[in-house]
Undergrad: 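Got a structure for you, questions after.
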2 protein chains.
Amino acid sequence: MASVTLKTIAEALGVSRTTVSNAFSRPDQLNPELRRRILEAADELGYPGPDPTARTLRRGKAGVLGVLLTEELSYAFADPYAVEFLRGLAEVAAEASTSLLLMAWPGDEAAEVAVREAIVDGFCAFCLYDGHPAIEALRQRRLPYVIVGEPYLPGVPFVGIDDRAAAKALCAHLLRLGHRRLGVLSTRTKEGPGDVHFGAARARLAGYRDACEEAAVDWDGVVIQQTVHSREGGRTGAARLLDLHPRPTAILATTDLIALGAIQAVAERGLEVPGHVSVTGFDDIPAAGEAGLTTIRQPKAAKGRTVGRLLLGGTHQGEAPQILMPYELIARASTAAPPDS
Amino acid sequence: MASVTLKTIAEALGVSRTTVSNAFSRPDQLNPELRRRILEAADELGYPGPDPTARTLRRGKAGVLGVLLTEELSYAFADPYAVEFLRGLAEVAAEASTSLLLMAWPGDEAAEVAVREAIVDGFCAFCLYDGHPAIEALRQRRLPYVIVGEPYLPGVPFVGIDDRAAAKALCAHLLRLGHRRLGVLSTRTKEGPGDVHFGAARARLAGYRDACEEAAVDWDGVVIQQTVHSREGGRTGAARLLDLHPRPTAILATTDLIALGAIQAVAERGLEVPGHVSVTGFDDIPAAGEAGLTTIRQPKAAKGRTVGRLLLGGTHQGEAPQILMPYELIARASTAAPPDS
DNA sequence: AGTTGTTTCTGAATCGATCCAGAAAGTGGC
DNA sequence: GCCACTTTCTGGATCGATTCAGAAACAACT
């Protein structure tokens with residue numbers, strides 16, 4: 001009944017706990033023949049291996065990085081952008097013999113508890129929104145942590161791009177081509193249609209607005225259609241925009257996934273991209289290139305690697321690091337001058 | 001420099017460690033006024049809260065269930081089936097104040113290590129394949145664990161449906177309708193085109209075969225096309241099948257997601273479902289109903305709940321529980337008699 | 001005054017490993 | 001035969017909390 005520990009094995013063989021521990025963790029510290037006997041005895045006694053909890057407590061290092069996700073798991077994984085980011089993060093983590101822990105929460109209330117109780121060496125928060133209770137909990141844990149992409153908050157470690165400036169550049173590109181009737185397709189907010197809650201979406205909308213104001217285009221005349229963050233969501237959302245009279249000549253989607261759905265919706269109407277409607281995305285996922293989508297490219301895997309290095313580098317003394325990664329406007333075939341109307 | 005612990009606070013206030021511990025974990029065990037002072041001092045000293053590792057070691061319970069995923073994260077999350085399952089699991093876990101830990105591995109070799117070192121109360125392995133090294137590691141940890149859906153192995157705790165029998169029923173349905181030229185769309189295996197590695201896919205193929213043999217249809221004449229597990233993968237895979245001469249009159253996809261892609265491919269050829277080609281799926285995800293897809297319905301969330309209860313119920317003594325859940329053939333509009341050729 | 005009970009707090013033991021300083025035995029060089 | 005060095009093993013301290021039996025103070029009831 002009593003569980004099998006190092007002590008059980010040590011007593012069975014008449015050696016010390018330390019020696020048994022070495023047999024598992026530092027094989028070069030003992031005689032190979034004795035080690036063989038120890039492992040054999042461990043196997044016979046049903047020893048499950050050194051207890052990870054005790055080991056972590058003593059070593060003061062868990063060998064784990066926590067990745068915080070919001071409730072909608074599908075949000076994070078349906079988007080190839082997230083997968084790329086995680087690949088970069090996992091790469092750096094693996095070099096430090098560290099594994100990733102994806103933390104799924106039933107809801108916001110549980111988030112705080114989860115952050116407080118997770119056994120990790122650091123956190124990376126992904127897809128949070130401004131004001132999420134976990135953010136304060138993160139600060140209190142006094143472990144290294146980084147907010148990725150959104151929200152950007154003063155005094156909080158951050159890695160991402162300047163979403164607002166990038167969005168402005170993208171919108172300015174459309175305005176330069178001559179577009180004046182714009183439609184925006186944004187990810188759905190948590191709060192319902194009133195307010196755009198997600199930091200990145202909000203920053204991107206602000207960037208579009210900046211560009212409009214600079215070009216003296218009336219921002220209030222721009223229709224903002226919210227939708228689910230998926231290809232299908234882009235299709236149905238775009239359908240709404242295409243029903244408007246007069247129809248927008250350009251659709252700005254806040255992510256590539258949505259933009260790809262929008263392109264599909266345009267085709268289903270028997271219209272052409274960019275002949276009748278121009279479409280832009282955001283992120284430059286692999287499928288964007290194939291579809292000839294004009295978008296903002298951001299370094300996805302590199303972002304993950306940067307986050308990993310930051311977290312594994314130890315606690316940040318003093319100032320919180322805030323790293324802005326480079327981005328690039330990729331103009332492809334999905335944008336052109338608007339049709340003569 | 002030295003970290004702030006219970007002891008630091010206790011000494012600062014001249015009370016015992018136990019009392020400070022109670023202030024955090026058992027508020028009813030001490031004077032409210034003293035508790036207030038303790039929490040205040042903790043805040044001032046920058047105490048990050050009781051160390052989760054130490055707490056776990058002492059309590060002997062982590063309050064965490066590990067969910068094992070294979071390398072392809074997208075595999076698990078692109079499929080609404082997985083999301084539903086996790087919802088059920090999370091529900092039961094939440095009732096026991098337990099959170100879920102999604103474990104992402106860089107690769108198979110890392111799997112063993114991760115299982116050995118994870119600080120959890122139990123494991124649920126999802127989307128593993130037969131012979132995965134993690135399976136042996138799971139057994140050795142002597143913690144409760146369950147294999148979900150695939151692979152089904154003797155002596156290993158299991159929850160799922162009888163994939164083979166379900167697949168047989170589905171295929172028999174097509175054969176009853178009169179189909180004789182079948183095409184199969186299966187998820188890609190790890191090993192390449194030679195052998196179908198994933199347990200469920202293999203079991204489903206075996207079921208199709210059973211039905212064919214019972215109806216004296218030549219199984220060797222059935223083309224098996226492998227593809228990526230996604231809607232897009234289904235589209236391209238089905239395109240290959242539709243290029244065959246003579247064209248199959250029915251396509252059996254091993255998952256709904258693939259089937260939905262197949263339906264799209266048929267439409268793109270200017271053909272009709274089920275007029276020219278019948279299509280079947282597997283799992284009955286929400287989108288399957290909308291698309292009128294004939295498929296096998298299995299209880300997704302209930303499966304998650306069952307797994308959760310099993311894991312939280314403690315270690316299984318003696319025999320490994322193997323639970324087969326009910327399934328149901330859902331005949332919808334995507335299947336009909338083959339065209340007169 | 002004595003018994004019982006409640007509230008509030010304490011000290012030592014414990015969870016299961018790892019780390020460190022050092023002991024014991026054996027090796028090699030001079 | 002002595003010193004220096006390596007290999008192999010040991011015992012005790014430690015990581016940071018929780019648990020448990022019990023002490024101290026005080027109230028309530030015979």
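Below, chain A is the first sequence line, B the second, and so on; all start at residue 1. Predicted, not measured: the structure shown is a model, and the values here were computed from it.
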Undergrad: Let me test you: for the helix from C:dA1-D:dT30 to C:dC30-D:dG1, what is the angle between the axes at its two ends (five pairs each), rounded to 10 degrees?
TA: 40°

Undergrad: Roughly, in whole Å, what's the span from CD in B:E117 to P in C:dA17?
TA: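 For the pair B:E117 CD and C:dA17 P, the rounded distance is 13 Å.
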
Undergrad: Give the rounded distance in Å between these two atoms: CG of B:L57 and C1' of D:dC15.
TA: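 From B:L57 CG to D:dC15 C1': 9 Å.
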
Undergrad: Is the phosphate of D:dG16, meaning OP1 or OP2, less than 4.0 Å from a side-chain N or O of B:S3?
TA: yes

Undergrad: Run the side-chain hydrogen bond (donor to acceptor under 3.5 Å, both in side chains) check on A:Y152 and A:Q322 step by step: do they pass?
TA: CA-CA 9 Å; A:Y152 173 84; A:Q322 300 199 323; 2.9 Å; yes

Undergrad: Return all side-chain donor-acceptor pairs below 3.5 angstrom for residues 51-58 of chain B, not counting sequence neighbours, or 'none' if the list is empty.
TA:
residue	atom	partner	partner atom	Å
B:D51	OD1	B:T53	N	2.7
B:D51	OD1	B:T53	OG1	3.4
B:D51	OD1	B:A54	N	2.9
B:T56	OG1	B:P52	O	2.8

Undergrad: Run the salt bridge (Lys or Arg N to Asp or Glu O under 4.0 Å) check on A:R87 and A:E84 step by step: do they pass?
TA: CA-CA 5 Å; A:R87 202 182 303 285; A:E84 277 293 294; 3.5 Å; yes

Undergrad: Enumerate the residues from residues 42-55 of chain A whose closest heavy atom to DNA chain C is under 4.0 Å, giving them by residue number; use none for an empty result.
TA: A:Y47, A:G49, A:P50, A:D51, A:A54, A:R55

Undergrad: Which residue pairs pass the side-chain hydrogen bond (donor to acceptor under 3.5 Å, both in side chains) test with at least one member in residues 9-18 of chain B, sequence neighbours excluded?
TA: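 Listed by first then second residue: B:S16-B:T19.
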
Undergrad: Starting from P on D:dT19, measure out to CG on B:L6 and report it in whole angstrom.
TA: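 Value for this atom pair: 12 Å.
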
Undergrad: Between D:dC9 atom P and A:L13 atom CG, what is the distance in whole Å?
TA: 12 Å

Undergrad: Does anything in residues 298-307 of chain B form a salt bridge (Lys or Arg N to Asp or Glu O under 4.0 Å)? List the pairs, not counting sequence neighbours.
TA: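 The answer is B:E91-B:R305.
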
Undergrad: Near DNA chain C, counting only heavy atoms under 4.0 Å, which residues of residues 15-41 of chain B show up?
TA: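 DNA chain C contact set from residues 15-41 of chain B: B:V15, B:S16, B:R17, B:T18, B:T19, B:L30, B:N31, B:L34.
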
Undergrad: Is any side-chain heavy atom of A:C124 closer than 4.5 Å to a side-chain heavy atom of A:F85?
TA: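 Yes, close enough: below the 4.5 Å cut-off.
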
Undergrad: Roughly, in whole Å, what's the span from CD1 in B:I119 to P in C:dC15?
TA: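 Taking atom P of C:dC15 as the reference, CD1 of B:I119 is at 18 Å.
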
Undergrad: Roughly how many Å is it from CZ in A:R58 to P in C:dT18, rounded to a whole number?
TA: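 Computing the A:R58:CZ to C:dT18:P distance gives 10 Å.
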
Undergrad: Quick one: pull up CD1 in A:I161 and CD in A:Q298 and give me the separation to the nearest 0.5 Å.
TA: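 Taking CD1 in A:I161 and CD in A:Q298, the distance rounds to 4.0 Å.
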
Undergrad: Kindly give the heavy-atom pair with the smallest separation between A:L65 and A:V120, and that separation in Å.
TA: C-CG1, 4.4 Å

Undergrad: Between B:V148 and B:F158, is any pair of side-chain heavy atoms under 4.5 Å apart?
TA: no

Undergrad: Quick one: does A:R59 reach the base of C:dT18 with a side-chain donor-acceptor pair under 3.5 Å?
TA: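 Answer is no: no donor-acceptor pair is held.
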
Undergrad: State whether the side chain of A:N22 and the backbone N or O of A:L30 hold a donor-acceptor pair below 3.5 Å, judged by distance alone.
TA: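 It does not hold such a pair.
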
Undergrad: Should A:I9 and A:L45 count as side-chain neighbours, where that means a heavy-atom distance under 4.5 Å?
TA: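 The answer is yes, as the side chains (C-beta and beyond) meet within the 4.5 Å cut-off.
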
